[in-house]
Amino acid sequence: MASYDVIIIGAGPGGYVSAIRCAQLGLKTAVVEGRETLGGTCLNVGCIPSKALLHASHLLHEAEHNFADMGLKGKSPSVDWDQMKKYKDDVIGQNTGGIEFLFKKNKIDWLKGWGSIPAVGKVKVGDEVHEAKNIIVASGSVPTALPGVEVDNDKGIVVDSTGALALPKIPKKMVVIGAGVIGLELGSVYARLGAEVTVVEYMDFITPGMDGEVQRQFQKILGKQGFTFILGAAVSGVEASKTKAKVNYKLKKDDSEHSLDADVVLVATGRKPFTDGLGLAELGVEFTPRGQIKTDAHWATNVPGIYAIGDAIVGPMLAHKAEDEGMAVAEVLAGKHGHVNYDVIPGVIYTTPEVASVGKTEQQLKEEGRAIKVGKFSFMGNARAKAVHQGEGFVKLIVDKDTDRVLGCHIIGPGAGDLIHEICVAMEFGASAQDIALTCHAHPTFSEAVREAALACGDGAIHA
Ligand code: NAI
């Protein structure tokens, strides 16, 4: 049995980042993790492996669609799926190994196994009980189950995101249930690798919560890439055999019933907090009706000495939100002033083109009755984007009509996931569109499109 200032349960982006910050601030820190490798869902079966497959499949798409146009002639590469999965696994290994190195460097103990909290100040891992002045629950989330649909990742016919990262073979026909981030990113991978991808979505639009104009443009672009969308459709069940599956759904507009055949069905209908087996309810820790651990503004639960962060609590299920909370709670425990600005948390979808947003959407601001100005600039007017066959999409900047202060930004286009951070910094500093417009932007860069959108909030964009 060992004694610590902090024991963190879970080594995902929330937990491992929190551990490093705790150690940097002089706290004796341990992390409990039951997986074979550190990094949680993000590094092992989420963000990182999906980005590896998105990168490889994007290059194939470029070879098939744009190489000849650029004078790069010859046969397009063929796909060695086993090698592509090995490349993905190597990327995972490099990243999870990197966290292990950082743990050693910062003298953080990895308590291997699944942890529980038998009493305040105690964490049980296997047969050992460790003592901790403070406990941070960073246990993450798992895919939600859909009634009438049985996921079996080993069989590889009806899978969730974990199974979709390791399919035995590339399907000819794939049905994706849910047009959210996971469905569209992993759907993109398989569409590029040759699968016929149909997405069945309950809402009448894709990517719920995003700006309406972005949703429409994104759907159009994905349609051109070969996606078929069935919107306003509730999946009622999936019948699976050893080699195929049938997806049954009902159209909301007329209650008519339909079905689709598929080689693989990806269920991507959301995630829920993972807190099973921790013993939190037994200790009296309060939860929201959606199963999220309730916390105050300093990530403290109602039980003294127990804190919680990341996907297990309220808020967007994003690795970077968990990381920020992890750093902030470490600062609180070290007697400093940890803070997270929940109004400036970017969201990114890593398709091609990328989609990124921060702040409020035009619809949200209109509902609030806020007077706004919208500056929009198309990537067709951006020289660099045209040079790399990525002129589709736009930057949409929304500012306060009277003060010109930036309230939100929604980008669909090349490098959107990186471009958005200029706006995040601007929002953190309370900047106006004019501040961005007056800042020199290097030419030729995609970033110029952000400046042009800022100019469009004033006297007008130059290249529009
Ligand atoms: P999501 O919440 O983004 O999307 C789920 C979709 O499924 C919704 O559009 C919903 O309307 C639809 N749906 C639900 N039940 C349905 C039914 N019976 N029939 C048809 N459609 C149905 O969830 P997703 O994509 O599974 O992602 C889970 C979480 O992981 C999200 O919070 C997401 O932000 C996060 N994530 C973030 C990534 C990123 O930041 N790039 C990448 C992957 C995941």
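Start at 1 and go down the list; that is how both ligands and their atoms are numbered. What you are looking at is a predicted structure, and each value in this text was computed from that prediction instead of being measured.
Contacts of E36 classified as side chain to side chain donor-acceptor pair (under 3.5 Å), with partners at least two apart in sequence or in another chain: none. In this structure, D324 has no salt bridge (charged side-chain N to carboxylate O under 4.0 Å, His left out) partners at least two apart in sequence or on a different chain.
Residue pairs satisfying the salt bridge (Lys or Arg N to Asp or Glu O under 4.0 Å) criterion with at least one member in residues 159-174, sequence neighbours excluded, are absent.
Relative ring orientation between F379 and F446 is described as perpendicular, the plane-to-plane angle rising above 60° on a 0-90° scale split at 30° and 60°.
If you check the side chains of Q24 and N106, you find no donor sitting under 3.5 Å from an acceptor.
Between D263 and the options K246, K244, K242, a salt bridge (charged side-chain N to carboxylate O under 4.0 Å, His left out) holds for only K244.
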Once you restrict both partners to nitrogen or oxygen, which atoms of ligand 1 have a protein partner under 3.5 Å, and how far apart are they?
{"residue": "ligand 1", "atom": "9 (O)", "partner": "E201", "partner atom": "OE1", "Å": "2.6"}
{"residue": "ligand 1", "atom": "9 (O)", "partner": "E201", "partner atom": "OE2", "Å": "3.1"}
{"residue": "ligand 1", "atom": "11 (O)", "partner": "E201", "partner atom": "OE2", "Å": "2.6"}
{"residue": "ligand 1", "atom": "19 (N)", "partner": "V235", "partner atom": "N", "Å": "3.1"}
{"residue": "ligand 1", "atom": "21 (N)", "partner": "Y202", "partner atom": "N", "Å": "3.0"}
{"residue": "ligand 1", "atom": "23 (O)", "partner": "G270", "partner atom": "N", "Å": "3.3"}
{"residue": "ligand 1", "atom": "25 (O)", "partner": "V181", "partner atom": "N", "Å": "3.2"}
{"residue": "ligand 1", "atom": "25 (O)", "partner": "I182", "partner atom": "N", "Å": "2.9"}
{"residue": "ligand 1", "atom": "26 (O)", "partner": "A268", "partner atom": "O", "Å": "3.4"}
{"residue": "ligand 1", "atom": "26 (O)", "partner": "G270", "partner atom": "N", "Å": "2.9"}
{"residue": "ligand 1", "atom": "40 (O)", "partner": "V348", "partner atom": "O", "Å": "3.4"}
{"residue": "ligand 1", "atom": "41 (N)", "partner": "E185", "partner atom": "OE2", "Å": "3.0"}
{"residue": "ligand 1", "atom": "41 (N)", "partner": "V348", "partner atom": "O", "Å": "2.8"}

